[in-house]
Amino acid sequence: MIEQLRRVGHTSLNQVAGIGYALAMLLSAIIGKPNPRKSFPLFIKQMYVVGVLSLLIIIVSGLFIGMVLGLQGYTILVDYGAEQSLGPMVALSLLRELGPVVTALLFAGRAGSALTAEIGLMKATEQLSSLEMMAVDPLRRVVAPRFWAGFISMPLLALIFSAVGIYGGYLVGSGWLGVDEGAFWSVMQSSVDWYDDLLNGIIKSIVFAFVVTWIALYKGYRAVPTSAGISTATTSTVVTASLAVLGLDFILTALMFGG
Amino acid sequence: MSNFVELNNVHFSHGERSIYEGLSLTVPKGKTVAVMGPSGIGKTTLLRLIGGQLKPSSGSIKVADVEVPQLARKPLYELRKRMSMLFQSGALFTDMSVYDNVAFPLREHTNLSERLIRSIVIMKLEAVGLRGARHLMPAELSGGMARRAALARAIALDPDLIMYDEPFAGQDPISMGVIVKLIKSLNDSLGLTSIVVTHDVDEVLSIADYAYIIADKRVVAEGEPQALLKDDTALVKQFLHGEADGPVAFHYSDDDFASDLLGGQR
Amino acid sequence: MESRKTQIWVGLFVVLGVLALLFIALRAASGSAATSGETYKLYAKFDNIGSLKVRSPVKVGGVVVGRVSNITLTGEYYEPTVEMEISADYDQFSETSSLSVLTSGLLGEQYLGLQPGFIDDTVGMLEDGDTISDTKSALVLEQLIGQFLFSQGND
């Protein structure tokens, strides 16, 4: 009994220490005076790796999810003679939930795992130590540009995802199933709100961007520097980041739309 | 003669495992010092302690008359510009060519023009015999070439101290010979202070001015190479001549063999 | 040159993101007047608010001018009191305006219909914090049926 209690205590202390480490890592990475001449090219390069290379998967999934929403929504709504509400249904589900959440999940799988593996590998091959010995702080040199790139590109990706998804829903709903084009857009416009739906969706994706990038970088930085350690860290990034996104999504949704 | 690096009664433990208990050694300026010992006694740890990446639990570590563990971040980084370390794997940046790897410390720490950087990089690459390989990526280099490229990067800023972490491990005899020759000639021509951590006895003793043998968490023997080779302490003999059993036990310590067999499950 | 290509791609990516934002903001969404900008508060008491909720719209002739911001029970007899935020663009409603709980369509949501009253020298305008006294409660289907049966019985 006492032994179990001790174990619970030990585990929770470890968890708290882990969060502390992660926070300390992030703070020392992003606080401090950056040198624009040196850090900006690094940031651009990471934007390419993290953002541009994720574009394809985001656009394709966005299009398909929008089309499926259009199709499924239509078959249900048409029974009530409410197929004109297809527009808002597609737009609201994308902007409020699917855009930020699915983007964050895809991002964790595509870019997050790559970040963890890359940093873990740099650690295993002593590149991080070597930077430190060359009097270059690996947190600022390696972690910071990747953090900012992830933090900025994910909300952009989520917006692209939602826009493409809405267009996909329009293609199916209006082009194929025959919902009136004017009604599709105007009903959508009248029931989708800048503040309630668009802004809240963007806030969600900013929070997710922060959490997913942070988890990915931390897992890589603290990875056990062996091949087994890196593969464990990569898996753990995807699992932890996905769970964090879904959990946070519930909390954020409750805060934004629950009251 | 002044000492460039001085360790005095250093204690260090990794988690609950104690690694050093009362380690003391000195490295005179301009000399090549070998630090030898069996695997797994934390020789790399020693270099990290000197570089300030790890902090000892007690004792003093002085580099260029500065107490390293007490340095704040900024002066520590200043001090590190004067030392460099050749890692076992080379630790070249995998996303840059050999040229950019060697240019990296110059671009980070100096405001030299690209033309000047180019001349320095070419000179350093020539010194390690890799001038023709400058456009290759690290993945395209053999192990020996990677280590030489890393050496070129390590001397790019003309440091006062170079620490070699197992420079001979896993090399074929030819590239081993090349690296031995390089360490020797760099030391002589640039007036560097070198610390070579290794367990390849013959190679390092041929170039070292002074050698330490570490075992059992502290220095067990020291002296000039010739004197050490004549030493007939059991442990020194075992290590230098590669005998399988002796004071350093072949078996990882455990209970008595017989009682373990008889004891069944514990 | 490698880094030039990278820069172009990143530029394209950012432009794409901004275009997506513009597309959504202009084509798919709109800001209703009552939720952005200045608002003022009006109150109204009802006998029954039906299924009116916080954030239900307040409409004048079908145009949204504000939203319900709070619903409480007040007074000795626990009357439902509705607090509304009305856009400051529409601040010229007279004190004789009336408010009713209406339903959009047969199955739709309930909303508040504001019927502007007449304006002459004897009546003032509604200001922040005023209460609209002329209200019509929600129609509750069960009560309607009950009334119908009762009136049938009287014949």
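In what follows, chains are A, B, ... by sequence order, proteins preceding strands, each numbered from 1. Remember, predicted model here, so these are calculated numbers, not experimental data.
By the neighbour-count criterion of 12 heavy atoms within 6.0 Å, atom CD of C/E79 is densely surrounded, having more than that number from other residues, nucleotides or ligands. Remark: A/F151 CZ is packed, more than 12 non-hydrogen atoms of other residues, nucleotides or ligands lying under 6.0 Å away. The local environment of CG in C/D134 is crowded, with over 12 non-hydrogen atoms from other residues, nucleotides or ligands closer than 6.0 Å. Applying the 6.0 Å contact sphere to CH2 of C/W9 captures no more than 12 heavy atoms from other residues, nucleotides or ligands.
Separation of atoms CD1 (C/I24) and CD1 (A/I160) is listed at 9.5 Å; rounding is to 0.5 Å.
The most heavy-atom pairs under 4.5 Å with chain C, out of A/L95, A/L159, A/L157, A/V164, come from A/L159. Annotation: maximal heavy-atom pairing with chain C below 4.5 Å, among A/A82, A/P155, A/S191, A/A163, occurs at A/A163.
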Taking distance alone, no hydrogens or angles, what donor-acceptor pairs closer than 3.5 Å link side-chain atoms of residues 97-109 of chain A to residues at least two apart or in another chain?
{"residue": "A/E97", "atom": "OE2", "partner": "A/K204", "partner atom": "NZ", "Å": "2.8"}
{"residue": "A/E97", "atom": "OE2", "partner": "A/T253", "partner atom": "OG1", "Å": "3.1"}
{"residue": "A/T103", "atom": "OG1", "partner": "A/G99", "partner atom": "O", "Å": "2.5"}

Scan the side chains in residues 50-66 of chain A for donor-acceptor partners under 3.5 Å anywhere in the protein, sequence neighbours excluded, and list what turns up.
{"residue": "A/S54", "atom": "OG", "partner": "A/V50", "partner atom": "O", "Å": "2.6"}
{"residue": "A/S61", "atom": "OG", "partner": "A/I57", "partner atom": "O", "Å": "2.2"}

### Derivation of the side chain to side chain contact (heavy atoms under 4.5 Å, CB included) call for A/I166 and C/R27
CA-CA 10 Å; A/I166 291 173; C/R27 195 74 204 262; over 6 Å; no
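Looking at every heavy atom in both residues, A/Y48 comes nearest to C/V10 through N-CG2, 3.6 Å. The two residues C/L26 and A/Q189 have their closest heavy-atom pair at O-NE2, 2.6 Å.
A distance-only check finds a donor-acceptor pair linking the side chain of A/W194 to the backbone of C/A25 [under 3.5 Å].
Both the backbone and the side chain of A/S153 come within contact range of chain C, with heavy atoms under 4.5 Å apart. Neither the backbone nor the side chain of A/L94 comes within less than 4.5 Å of any heavy atom in chain C. With a threshold of 4.5 angstrom between heavy atoms, A/L198 approaches chain C through side-chain atoms but not through N, CA, C or O.
Partner A/L156 forms a side-chain contact (heavy atoms from CB on, under 4.5 Å) with one of C/L16, C/L21, C/V14 and no other, that one being C/V14.
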